[in-house]
Asker: 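Take a look at this one; I'll ask things after.
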Amino acid sequence: MDTPLTLAGKTFRSRLLVGTGKYPDYPTMVRALEASGAEIVTVAVRRINLDRSRESLLDHVDPARYTLLPNTAACYTADDAIRTCLLAREAGMSNMVKLEVIGDEKTLFPDTEGLLAAARTLVKEGFVVLPYTNDDPIMARKLEDAGCAAVMPLAAPIGSGLGIRNPYNIRIILETVKVPVIVDAGVGTASDAAVAMELGCDGVLMNTGIAGAKDPVRMAEAMREAVSAGRKAFRAGRIPRKLYASASSPADGTFF
Amino acid sequence: MAIVVNGEERAVAKGSTVLSLLRELGLPESRVAVERNRAIVRKADYPGTALSDGDRIEIVTFVGGG
């Protein structure tokens, strides 16, 4: 039996975390979330729509069924991210947050200086901090030292679908920190998710890879299977890569 | 008196509280968070937090995101 994903003492059977943005409509999102098997879903914190005639996300995502993980998307400073987390905690009654401090509009790469500062403050305030960070082992170690409950290095830019650009850095991060490592952002298709898990990551977080697919529900199912297959392959222990062949059939006993 | 709610000016009666504002807007008390002049108002304090002229109120909730 595989061990569950553990974040600050809470355990989860699914190692796939999914976002709730960018779906064509709510019914598609609901079916995709179900197909993904995810237990943790990310949400953003925004001004409530004062015109209540429109549907809202929480009409469709049941917080009793899913663990809502509020993000600090669109925060470009530590102060904005901290303010967002305080509001999220008040709205959601949970202290787990996906911390993002964005450095640049074009790349959406993290501003790790602001990220680390925000993480330190939020940990002191009692938050369970899951930071979206670079694939930088040194920063991962600093975030762990700051008390983050996991580190979430990007595979590639958010929404890019480029897959894992630097598997070697992810491997080094896995050797560097003891907290769970969750690849967050850049996954484009099932094999990307499988690779992340084969490397030994504890989980994968994605949004656009599913929501942006032609058939989000089918892709959600593919991602669930890929995360599961990748995890199994990691635990099974792959064979070493070799340049030349080694025969699978015996050399002895041939009759020709 | 006039306050600003989520960036929009709005007239409210004297003696209004955070709770009466939420009711007036038809908003639930759960799954929202309220800031008054950049300070979070705890849910337990909604009935007792009086609004003043010029207050800036933010009411947020969860929306789809990654």
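Each chain gets a letter, A, B and so on, in the order the sequences are listed, and its residues count up from 1. Remember, it's a predicted structure, so these values are computed and weren't measured experimentally.
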Asker: Mind ranking R83(A), K22(A), M206(A) by heavy-atom pairs under 4.5 Å with chain B and telling me who comes out on top?
Answerer: R83(A)
Asker: Quick one: what part of A88(A) sits under 4.5 Å from any heavy atom of chain B, side chain, backbone, both or neither?
Answerer: both
Asker: D192(A) and T189(A): side chain to side chain donor-acceptor pair (under 3.5 Å), yes or no, with the steps?
Answerer: CA-CA 6 Å; D192(A) 298 335; T189(A) 189; 6.0 Å; no
Asker: With only heavy atoms counted, which part of L17(A) is less than 4.5 Å from chain B, the side chain, the backbone, both or neither?
Answerer: neither
Asker: About how many Å separate OG of S52(B) and CE of M1(B), when rounded to the nearest 0.5 Å?
Answerer: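 If we round to the nearest 0.5 Å, M1(B):CE and S52(B):OG are 6.5 Å apart.
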Asker: One thing to verify: whether R56(B) and E58(B) come together as a salt bridge, which I'm taking to mean a side-chain N less than 4.0 angstrom from a carboxylate O.
Answerer: no
Asker: Is V5(B) close to chain A through its backbone or its side chain, or both, or neither, when contacts mean heavy atoms under 4.5 Å?
Answerer: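 Backbone plus side chain of V5(B), per the 4.5 Å heavy-atom cut-off to chain A.
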Asker: For I59(B), is it the side chain, the backbone, both, or neither that has a heavy atom closer than 4.5 Å to a heavy atom of chain A?
Answerer: both
Asker: Centre of F62(B)'s six-membered ring, under 6.0 Å away, within 45 degrees of the axis: is that where NZ or CZ of R31(B) sits?
Answerer: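 Pair R31(B)/F62(B) does not count as cation-pi.
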Asker: With a 4.0 Å cut-off on N to O distance, would you call D184(A) and K98(A) a salt bridge?
Answerer: yes
